[in-house]
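Below is one structure, written out as structure tokens, with a few remarks after it.
A, B, ... follow the sequence lines: proteins, then strands. Residue 1 opens every chain.
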Amino acid sequence: MSKKTNLLLQFFSSVKLTIVLLILIVLVFILASFLPQHRETAEVVKQLSPNAAKLFLFFGLADLYHSPLFYLLMVLLSFNLIICSLQRLPVSLKQYRASCFPEPSGLFENIPDNRVIFTDKEKAQASPILEACLREKYGNSKKSETERGLLFCVERRRFSIFGVYAVHLGILIMIAGAVAGSLFGFEADVNITEGESIDTVRIAHGKEIRKLDFSVRCDKFTVELYDNGAPKTYRSDLSFIRNNQVESKGALLVNHPLTFADLRFYQMSYGVSPETKAIMTYSDDRQKSAEIALTQGDFFAIPQYNIHAHVLRVEENVMQMGPAVKLQISASGKDFPLWIFQQIDEIAAANPGLFSQVPVFNPGLFKPVVFSLKRLERQYFTGLHIVRDPGVPFVAAGGALMVAGLLIIFLLPHRRIWVKIQESGTKTAIIVAGRSNRHSAGLEKQIAGLRDLIRRKIPS
Amino acid sequence: MSHETIFSWVTFIYFASFVLYLFQVVLDKNFWGRTASLFARVGLAAHTLAIFWRWKASYDLGIGHVPLTNLYESLIFFAWTIILIYLILEWRIKSRSAGVCVVPVAFLAMAYASIAPGISDKIEPLIPALQSNWLTSHVVTCFMGYAAFTVAFGCGIIYLVQDAIMGKTEKKTGISGRLPSLTLLDALIYQCATLGFIFLTIGIMTGSIWAHYAWGSYWSWDPKETWSLITWLIYAIMLHSQYVRGWHGKRMALFAFIGFASVLFTYLGVNYLPGLHSYLKS
Ligand code: HEM
């Protein structure tokens, strides 16, 4: 390996670099949280003086989370993590395979006398009892005869050595997932009026229009309120249609997204459509039609009388006489405008002779057909947020791995406990000591517990 | 009587407990410490009762939900977790001295909940975005984390005090004799910080799972999200600096202090920054 790459490796394997990078990332975050952040940089820059604007653009201050500076820091952190882990892995493997014997140097030093168990029993007598104590508490133990005495060792949770790798690998997988999401995913927002469908969406943060290979219809949108007026439920009943066939139907609620194809749909907003729906019927001598829902610009026909109607206007209130619809009727080759009022009975009663003076107000102008306006309905539109994010499974898996790693590191630390039994003058001395990869109170407790057990089984 | 009345009583009990913990540090009498601890326990019991009461009350109103959904309820829960974690610690280390730094934080949270302007103690029905079980797990884990960091902060302060008193003498006399040893405090700071780190990690993750279901994006760089990440990174730096530089003691106490400041900003300060996560906006 050349000297240069060696230096580079050393640089990237240093945990000092990690600390510097993490501090820089924290500083970027603090800055970003105090500056207004927009993905549409232009909006911020417009409000600044030319020099400030230059500064903003150069450092990407208006959009730090997507700035080259932040990307650079993340790339460096990832390199740091990868190289550091690769360099340490052999060390950890060695540690994993390491034998309990010989014991770490200095293990039995500095142990105060009151922590040493002295007994009158001979070493040969006490050893089997000691071994039984260890078996009772930990299962099997290893043993080794040394010139300074007999040594036992019990070891627990050796796998904990690799917890750190799980944490760091988890972080890398999450970063990879976030990158995948931003490269291959998209977000879009669309509004769909009740009863209508869409099959194109405008991608957010861009001008691109994307055509879907299916269409989404909003069958119904419902808002429920609590007694105090706060919203309780927003719900869109959606149908997903491919090749003129409804392939799937579902209720979309906040916190309950729907998935179709590789897209996820979220209930984002709603509103009242500028279009009002007129619910009309018509009748002839014999029967009444079903209700038909019409908005401005719609056509309908009554074939048996050869009448065609075009909805010109739908109005909430015409000349203080309430809701009305203006139709353009084509019948027997001629065109006539016709106003249909919802409260035509009252209007006619208040104005005797109305229909002869103003025939265009007469709902029965085209006898025997009589039109009537039942009511107007305000139309809701639902605002959907549409997302495709192929990175999500990676981020989720990485996160789970990271948490598992953290739990392993901190709650299940690797522990080894050694017990030495040796002759000490006329008595036999038993010393317990341990090592953990984490400085934890748990180990001290374990050792104290074991000491108590031995004291009970091997009285002095 | 209502749960609100109990909460205000609990606030006073915590204050009394704090004063008693103070007595125990200044006057060398075990009696004060035992009484302080008793007050904290009684307070916690009443506190627990009142939280369940409020929970039930929301069901009686027909809008039942876990009382963890607005700033008032979160402050109440924050105080509860602080006292809970502190009392567990006290029982484990058999020393009552950290109480003087930890219990007042719980008291302040309770007091802030009841007197700060713009904090409503009304039980409100849940708007659609909050109707998620992830919300409950998110809040519980985050506040467990915050509380562990608070206890770490309390231990950090005691560490600095102990360090200042002992100076170079290395002898424990007077007040310092009643405070835990520097070694124990160092270990406690580390343990509380790691406990908090685990909880905060899970808290951030459950929060982003919730955001994923509610808004279609697991992360949107809202100031609150950013600050929770800042807090998380500060503790990550703390854990690493210990590993590389073998930093212990005073520096860890300082980290506990900075980390706690970041927790407070994440929790309350962010509400004054623009963003969607703010409790103060409805
Ligand atoms: C956001 C990023 C990171 C997080 C959250 C993180 C988390 C952790 C955690 C929780 C530990 C265990 C600490 C302890 O035992 O007290 C740890 C240890 C460690 N980390 Fe990281 N880490 C991050 C980035 C890095 C990077 C970039 C490196 C690259 C060099 C690194 C190198 C190490 C090393 C060498 C250890 C000690 C391993 C051991 O105890 O054997 N970490 N990290």
Quiz item: Any side-chain heavy-atom pair from A/Met402 and A/Val167 closer than 4.5 angstrom?
Solution: yes
Exercise. With the side chain counted from C-beta on, respond yes when A/Tyr71 and A/His66 share a heavy-atom pair under 4.5 Å apart, and no when they do not.
Key: yes
Practice problem: Pick one of side chain, backbone, both or neither for A/Ile386, based on which atoms fall under 4.5 Å of a heavy atom in chain B. | Solution: neither
Exercise. Can you label the angle between the B/Trp134 ring and the B/Tyr213 ring as parallel, tilted or perpendicular, going by 30° and 60°?
Key: parallel
Exercise. Between chain A and each of B/Pro125, B/Ser132, B/Ala214, B/Ser217, count heavy-atom pairs under 4.5 Å; write down the option with the most.
Key: B/Pro125
Self-check item: Region of A/Leu253 in contact with chain B, defined by heavy-atom distances below 4.5 Å
Solution: neither
Exercise. Just give me the residue among A/Val403, A/Val254, A/Asn255 that pairs up with chain B most often, heavy atom to heavy atom, under 4.5 Å.
Key: A/Asn255
Quiz item: Measuring heavy-atom distances to chain A, does B/Leu184 have an atom under 4.5 Å in its side chain, in its backbone, in both, or in neither?
Solution: neither
Practice problem: Heavy-atom distances under 4.5 Å only: say whether A/Asn228 touches chain B with side chain, backbone, both or neither. | Solution: side chain
Quiz item: Are the side chains of A/Met174 and B/Tyr218 in touch, meaning some heavy atoms are under 4.5 Å apart?
Solution: no
Quiz item: Between A/Ser33 and B/Trp227, is any side-chain donor less than 3.5 angstrom from a side-chain acceptor?
Solution: yes
Quiz item: Where does A/Ala32 contact chain B at under 4.5 Å (heavy atoms): side chain, backbone, both or neither?
Solution: neither
Exercise. Classify the ring geometry between A/Phe29 and A/Phe70 as parallel (under 30°), tilted (30 to 60°) or perpendicular (over 60°).
Key: tilted
